[in-house]
Amino acid sequence: MTGLTIARRRFLASAGVFSLAFPLGLVSACADDTVVTEDSASATNTKPGQPNYVNAKQSDWRFGVSIDTPVTFTNGIATFPIPMDWPEQTVEVVTRELDSAVAQVQVREIDGGVRQVVMAIPRMTAHATMQTVVTMRIVKREIQPPQDTDSLTIPKRVSRELRSYMGNSPMIDASNGRIRALSRELASSAPEKAWDLVRAIYDRVREEVRYVEGPIRNASDALETGEGDCEDMTSLFVALCRNAGVPARMVWVPGHCYPEFYLEQDGQGYWYPCQAAGTEQFGQMQEDRPIVQKGDRFKTPEQRKPVRYVSEYFRCDRRGNGTPRIEMIRGVVTE
């Protein structure tokens, strides 16, 4: 039995530009069903505490996986994530290309934050290749801050749906002593208003950590060394928010990630983005790239431990020496 999980950093960096055309209606396995969650609110702002979603931009993206095998294998399972609907994003399947080697395909949702295509490949012979691709039309909206932030509050009770956005996650060691010490320091001089409190956390992360690209590290390591990239700075912000009682999570787009935090107004909760690394953006987000997933603690059937990011996955039974090569396909379609 061979199990292959492609490195998440390689996945994040693999976005490319494709100029390919596909015939319509090749298969109907990837349903256009939408996800109804607490995030699936209308894009029109109806309450003063709700984020504003404006300036919609449309683009077509290809998501899929290719396999090149030097050895015959059987009982193959391959997966890859695809975007799903969020308040600032709507998704429509335009074309589907399913390789004849695939016997079964389904789309499943994992922990409310990622949608994943799962394919069963009964057999591939040595030196064969296959490719499965879904072309999706993404409408992405800019997020602007709410009209009223003064009445926003930290949730008094964390609902079951929000529990996964509290505590520790892979590489987000919110219970680390160094992080808790900084949380106590911030709490000692915390502003009265929830929005201002989160802003103080945001400013402190950008003061404490200088942007430096490097290997993935725990949030506490970034705090200790004073260096980190977008993942490390986002992890630290999320960890500090959670210590302050504010639910927070990571948002993943091709080649980048940023955090969201959750506050309530009159019992209604909303998620607000910010840019931990890069151009300063707090409570707002100008980002054209599609959201691939939201969250940072996923439980997948193929892996025993929770994962920080749901990347493509492959496993099979090999009939000889050699390892199948898996490549993620993801890029914006050009005319």
Side-chain angles (χ1 to χ4, degrees), residues 4-35 56-69 76-86 88-110 113-121 124 128-141 251-258 287-294 298 300 309-314 324-335:
L4 299 175
T5 303
I6 308 303
R8 181 207 36 74
R9 273 196 185 276
R10 177 182 170 189
F11 179 88
L12 284 174
S14 64
V17 178
F18 298 83
S19 182
L20 299 175
F22 292 88
L24 289 169
L26 290 176
V27 298
S28 59
C30 298
D32 288 349
D33 57 325
T34 56
V35 180
K57 294 183 179 180
Q58 177 180 295
S59 60
D60 289 354
W61 282 71
R62 299 177 68 225
F63 297 87
V65 66
S66 67
I67 301 175
D68 180 4
T69 179
I77 299 279
T79 74
F80 61 91
I82 57 175
M84 57 191 285
D85 285 353
W86 297 101
E88 67 272 39
Q89 173 175 287
T90 56
V91 176
E92 175 189 1
V93 175
V94 178
T95 65
R96 310 162 175 92
E97 179 185 355
L98 183 66
D99 195 278
S100 59
V102 178
Q104 294 180 330
V105 61
Q106 65 175 337
V107 178
R108 68 185 179 194
E109 182 184 328
I110 299 176
V114 58
R115 185 169 287 175
Q116 185 184 53
V117 174
V118 184
M119 302 179 297
I121 308 169
M124 282 188 68
T129 61
M130 67 141 288
Q131 178 174 288
T132 292
V133 177
V134 180
T135 302
M136 312 187 80
R137 183 152 296 152
I138 312 292
V139 177
K140 192 78 183 293
R141 299 173 181 85
V251 180
W252 306 89
V253 301
H256 186 52
C257 66
Y258 56 88
E287 176 58 72
D288 295 339
R289 288 170 287 187
I291 296 166
V292 181
Q293 48 198 281
K294 292 190 179 188
F298 298 103
T300 67
Y309 182 87
V310 179
S311 64
E312 70 274 24
Y313 176 90
F314 176 75
R325 293 179 290 274
I326 316 300
E327 181 180 354
M328 185 66 189
I329 298 170
R330 188 192 57 190
V332 61
V333 178
T334 60
E335 298 294 337

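Note that the structure is a prediction, hence the values are computed from the model and not measured.
In this structure a side-chain-to-backbone donor-acceptor pair under 3.5 Å is missing from Q293 to P81. Q89 places a side-chain N or O within donor-acceptor distance of the main-chain N or O of M84, the cut-off being under 3.5 Å.
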side-chain contact (heavy atoms from CB on, under 4.5 Å) assessment of V333 paired with R62: CA-CA 7 Å; V333 178; R62 299 177 68 225; 3.4 Å; yes
Step by step, work out the side-chain contact (heavy atoms from CB on, under 4.5 Å) result for M119 and V65. CA-CA 10 Å; M119 302 179 297; V65 66; 3.4 Å; yes
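To the nearest 0.5 Å, the span separating CZ on R115 from CD1 on I110 amounts to 11.5 Å. Atom CD of E287 is separated from atom NZ of K140 by 5.0 Å, given to the nearest 0.5 angstrom. One distance of note links OG1 of T132 with CD1 of I67; it measures 8.0 Å at 0.5 Å rounding. Here CD of E312 is found 7.5 Å from OG1 of T79. Values are rounded to the nearest 0.5 Å. Note: R289 CZ to I138 CD1 = 14.0 Å, rounded to the nearest 0.5 Å. Residue M136 holds its CE atom at 12.5 Å from CH2 of W61, rounded to the nearest 0.5 Å.
V133 places a side-chain heavy atom less than 4.5 Å from the side chain of E97. Residues S66 and T129 form no side-chain contact, since every pair of their non-hydrogen atoms from C-beta on lies 4.5 Å or further apart. Residues C257 and Y309 have side chains not in contact (no heavy-atom distance under 4.5 Å, counting atoms from C-beta outward).
A salt bridge links R325 with D68; the closest basic N to acidic carboxylate O contact falls under 4.0 Å.
Using a 30° and 60° split on the angle between ring planes, H256 and Y258 fall in the tilted class, from 30° to 60°.
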